[in-house]
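Because the structure is predicted, anything quoted here is derived from the model rather than measured. The first residue in the sequence is number 1, and the count goes up from there.
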Amino acid sequence: MILRLLPQHQEIIRSHAESAYPDECCGIILGHGLSESKTVVEVMPTENAWNNTIDDFPGDRTQETPRRRYAIAPQVMLQAQRTARDRALNIIGIYHSHPDAPAIPSECDRLYAWPEYSYIIVSVQKGKAEKLQSWSLDDNHQFQLEVINNII
């Protein structure tokens, strides 16, 4: 899969990640998806609602914090779906940051991921956004690296 986006989309994600540090940031990616590629039209930064949605996730999550987890509030996802529909777009992915960790999905990321979405992860080391990678799930619910192509 190829994810196509403008350089300013990456800059929005990187800036959001740096401003949220040391917590994880998160946001929604709107665009168009085809069988072999997806094109980003808009990046929507959202609040990390992990503390407010912790009860929505199974298991003992009391020790986890927004520094190591993210959640997008259900009402925010619903509004993004409406916005996308009204603009003839789709939600094609989610982005989030990994503070002081690599831009590689965690097991928690995998457990809660949806197969049709792209997942952009940006590594933030000591407050500075560094490597940015995109991932998608394969048929075995395992993450595979996506190619990122900048639209010029």
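One distance of note links CG of Leu5 with OG1 of Thr39; it measures 9.5 Å at 0.5 Å rounding. Of the inter-residue distances, the one linking Trp135 atom CH2 with Ile104 atom CD1 reads 5.5 Å to the nearest 0.5 angstrom. Annotation: the span from Glu47 atom CD to Asp23 atom CG amounts to 10.5 Å, rounded to 0.5 Å. Separation of atoms CD1 (Ile148) and OG (Ser134) is listed at 5.0 Å; rounding is to 0.5 Å. Atom NE2 of residue His98 and atom CD1 of residue Ile121 lie 4.5 Å apart, to the nearest 0.5 angstrom. For the atom pair CD1 (Ile120) and CG (Leu3), the distance works out to 5.0 Å, reported to the nearest 0.5 Å.
Side-chain contact check for Ile29 versus Tyr95: some heavy-atom pair is nearer than 4.5 Å. Inter-residue side-chain proximity for Ile151 and His9 is flagged as unmet; no heavy-atom pair is nearer than 4.5 Å. Looking at Ile92 and Val40, their side chains come closer than 4.5 Å, going by heavy atoms from C-beta outward. In this structure, Ile2 and Glu36 have side chains that are not in contact, with every pair of non-hydrogen atoms separated by 4.5 Å or more. By the 4.5 Å heavy-atom criterion applied to side chains, Ile72 and His96 are not counted as neighbours. Taking the side chain as every heavy atom from C-beta outward, Ile12 and Pro45 approach each other to under 4.5 Å. The shortest side-chain heavy-atom distance between Tyr21 and Asp100 falls under the 4.5 Å cut-off. For the pair Asn150 and Gln10, the minimum side-chain heavy-atom distance is below 4.5 Å.
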Task: Intermediate values then yes/no, side chain to side chain contact (heavy atoms under 4.5 Å, CB included), Ile28 and Tyr117 - done: CA-CA 10 Å; Ile28 300 167; Tyr117 283 1; over 6 Å; no
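Crowding of Gln8 atom CD: a count of heavy atoms from other residues, nucleotides or ligands under 6.0 Å exceeding 12.
Side-chain atoms of Ser97 come within 3.5 Å of backbone atoms of Cys25 as a donor-acceptor pair (strictly under, hydrogens ignored). Here the side chain of His16 pairs no donor or acceptor atom with the backbone of Ile13 at under 3.5 angstrom. At least one donor-acceptor pair closer than 3.5 Å links the side chain of Gln133 to the backbone N or O of Ala103. Judged by distance alone, with hydrogens and angles left aside, the side-chain atoms of Asn48 form a donor-acceptor pair with the main-chain N or O of Trp50 at under 3.5 Å. A donor-acceptor pair under 3.5 Å links the side-chain atoms of Tyr119 to the main chain of Trp114, judged by distance alone.
Closest approach of Gln142 to Arg110, counting heavy atoms only: NE2-NH1, 3.6 Å. Pairing each heavy atom of Phe143 with each of Pro105, the nearest pair is CD1-CB, 3.3 Å. Closest non-hydrogen pair, Glu116 versus Lys38, comes out as O-NZ, 2.9 Å. Between His141 and Ala113, the shortest heavy-atom contact is CE1-O, 3.4 Å.
Looking at Thr83 and Asp86, their side chains never bring a donor and an acceptor atom within 3.5 Å of each other.
Taking a cutoff of 4.0 Å between a charged side-chain nitrogen and a carboxylate oxygen, Lys128 and Glu18 qualify as a salt bridge. By the 4.0 Å N-to-carboxylate-O rule, Glu11 lies too far from Arg14 to be salt-bridged with it.
Hydrophobic clustering (side-chain heavy atoms under 4.5 Å, transitive across Ile, Leu, Val, Met, Phe, Trp, Tyr) keeps Met1 apart from Val41. With hydrophobic clusters built from ILVMFWY side chains whose heavy atoms lie under 4.5 angstrom apart, Ile94 shares a cluster with Met44.
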